[in-house]
Visitor: 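A single structure is presented below for examination.
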Amino acid sequence: MLYHSTNNQSEKVNFKEATIRGQAPDKGLYFPDSIPALSKEFLSSFKQKSKAQIAFEVIRPYVGDTITEDDLFQICEHTVGFDFPLIKVTDSISSLELFHGPTLAFKDVGARFMSRCLGYFSKSNSRKITVLVATSGDTGSAVANGFLGVEGVDVIILYPSGKVSKIQELQLTTLGQNITALEVQGTFDDCQQMVKQAFADTELNEKLFLTSANSINVARWLPQQFYYFYALQQWQHDEPPIICVPSGNFGNICAGLLAAVSGLPVKHFVAACNSNDVFTKYLLSGKLHSQQSVATISNAMDVGNPSNLVRLLELFSNDFSRIKNFLSSYSINDEETSETISHVYKNYNYTLDPHGAVAFASLEKYLSENSSSKGLFLETAHPVKFSDVVEKSTGEQIEFPDLMKHLLHLKKKSVMMEAKYDALKSFLSN
Ligand SMILES: *Cc1c(COP(=O)(O)O)cnc(C)c1O
């Protein structure tokens, strides 16, 4: 399998090169040159297979011969070593809980897979690899956790000061070892811009072997397909589901779309957005306009210029009518998000986090406008990660999971930084 750049100005590379580089030299995103079709045999038998086996069979064509089959299987086993339960919330809506990993958010899957792949590839790389990553919250913690102690790899995380939740901040600033947190006095978009500039800086790239761990990286993006298979494995109805994905940078939903284009039966996708509604507007007008990001209570989705939209367009060969037929999108504001948390808690005794709430509300709208179907949404984070917001809406305190209790005793360690590329460059150069 080769990957081309979405800008088409760079040479094609294999999975190893695409993983190590992160972004293509022409600043496009790597995209599989041909999309493997799932075999009939796999589609009729995967429901009986183990999680690791499914992951292995789904990802193998994308990895090609860059990792041996035994090693790849082990990486898959490690990646999906926790539960992905599908929980019925109402008669027509179920929740695929993706927060049972070590940092309580779905990004654990991509981060664990990528960190193992990069650790594997760094063994044959003479230079130390520096992973540079911008985060609106969950990416940082998942990446930090996934890479902690991986030899030959240093991780530098940029996060917007004061714009991530307390638990998220502790998760990404308390690990130490090969993980450094930079606290940027700006927005997530500023952080992302600084990271992009670092990758484009030839002088810097001569000094350091830089790569990204954002969903730009194929090794983080592609394994996100796995849980769509686990959703189908647990789906009890004859008709395929409507799947609603709370979306920010659109990596997650693009992975689901990739699985569907490969043959996984899904009836329709709904992209759930908060007030950052670039994509919702795109589906109405056919025109893509990036916007300044606005801060919301579902902060992991506060993205004004979603990187993975180029992949989405490429998946559908830029055919707007195909995209519109297979995808819907809603924008849910903070007030509706809080009301949804409150209403779902009171009526169904289920506690949503703000991102899951944006998805629940969007799916509810879609189902009411297209009566008769059943759907599921991805619950992408544990509500405790956003306890301030959630407790205000439910009036109940959320119990702190044991897994997280130790964090409260640790001391935050970050490097304050202005939202200027020069500041980042001089930090990295030293
Ligand atoms: C990252 C994140 C999202 C958005 O996922 P994308 O792949 O960027 O669209 C949604 N919810 C949570 C909790 C997240 O951490």
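Just follow the structure's listing: the first ligand is 1, and inside any ligand the first atom is 1. Any value given below was found using the heavy atoms of this structure, including those in side chains, with hydrogens, waters and symmetry copies removed.
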Visitor: Collect the protein residues that have a non-hydrogen atom under 4.0 Å from ligand 1 and hand them over in chain and number order.
Guide: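 Around ligand 1, where the cutoff is 4.0 Å for heavy atoms, the contacting residues are Phe106, Lys107, Asp138, Pro246, Ser247, Gly248, Asn249, Phe250, Gly251, Asn252, Ala300, Met301, His355, Thr380, Ala381.
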
Visitor: Report the residues that fulfil side-chain hydrogen bond (donor to acceptor under 3.5 Å, both in side chains) with Arg116, sequence neighbours left out, ordered by chain and then residue number.
Guide: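 With neighbours one apart ignored, the set is His78.
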
Visitor: Can you see whether Thr187 engages Asp190 through a side-chain donor-acceptor pair at a distance of less than 3.5 angstrom?
Guide: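 Yes, Asp190 and Thr187 have a side-chain donor paired with an acceptor closer than 3.5 Å.
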
Visitor: Applying side-chain contact (heavy atoms from CB on, under 4.5 Å), name anything that partners Ala111, two or more places apart in sequence or on another chain.
Guide: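 Ala142, Val143.
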
Visitor: Measure the acute angle between the ring planes of His237 and Trp235, then classify it against the limits of 30° and 60° as parallel, tilted or perpendicular.
Guide: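 If you compare the ring of His237 with that of Trp235, the planes turn out perpendicular.
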
Visitor: Classify the ring geometry of His382 against Phe99: parallel below 30°, tilted from 30° to 60°, perpendicular beyond 60°.
Guide: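 Rings of His382 and Phe99: perpendicular, as their planes differ by over 60°.
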
Visitor: Just jot down the side-chain contact (heavy atoms from CB on, under 4.5 Å) partners of Val310, sequence neighbours excluded, or say none.
Guide: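 Checked Val310 against side-chain contact (heavy atoms from CB on, under 4.5 Å); matches are Thr6, Leu29.
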
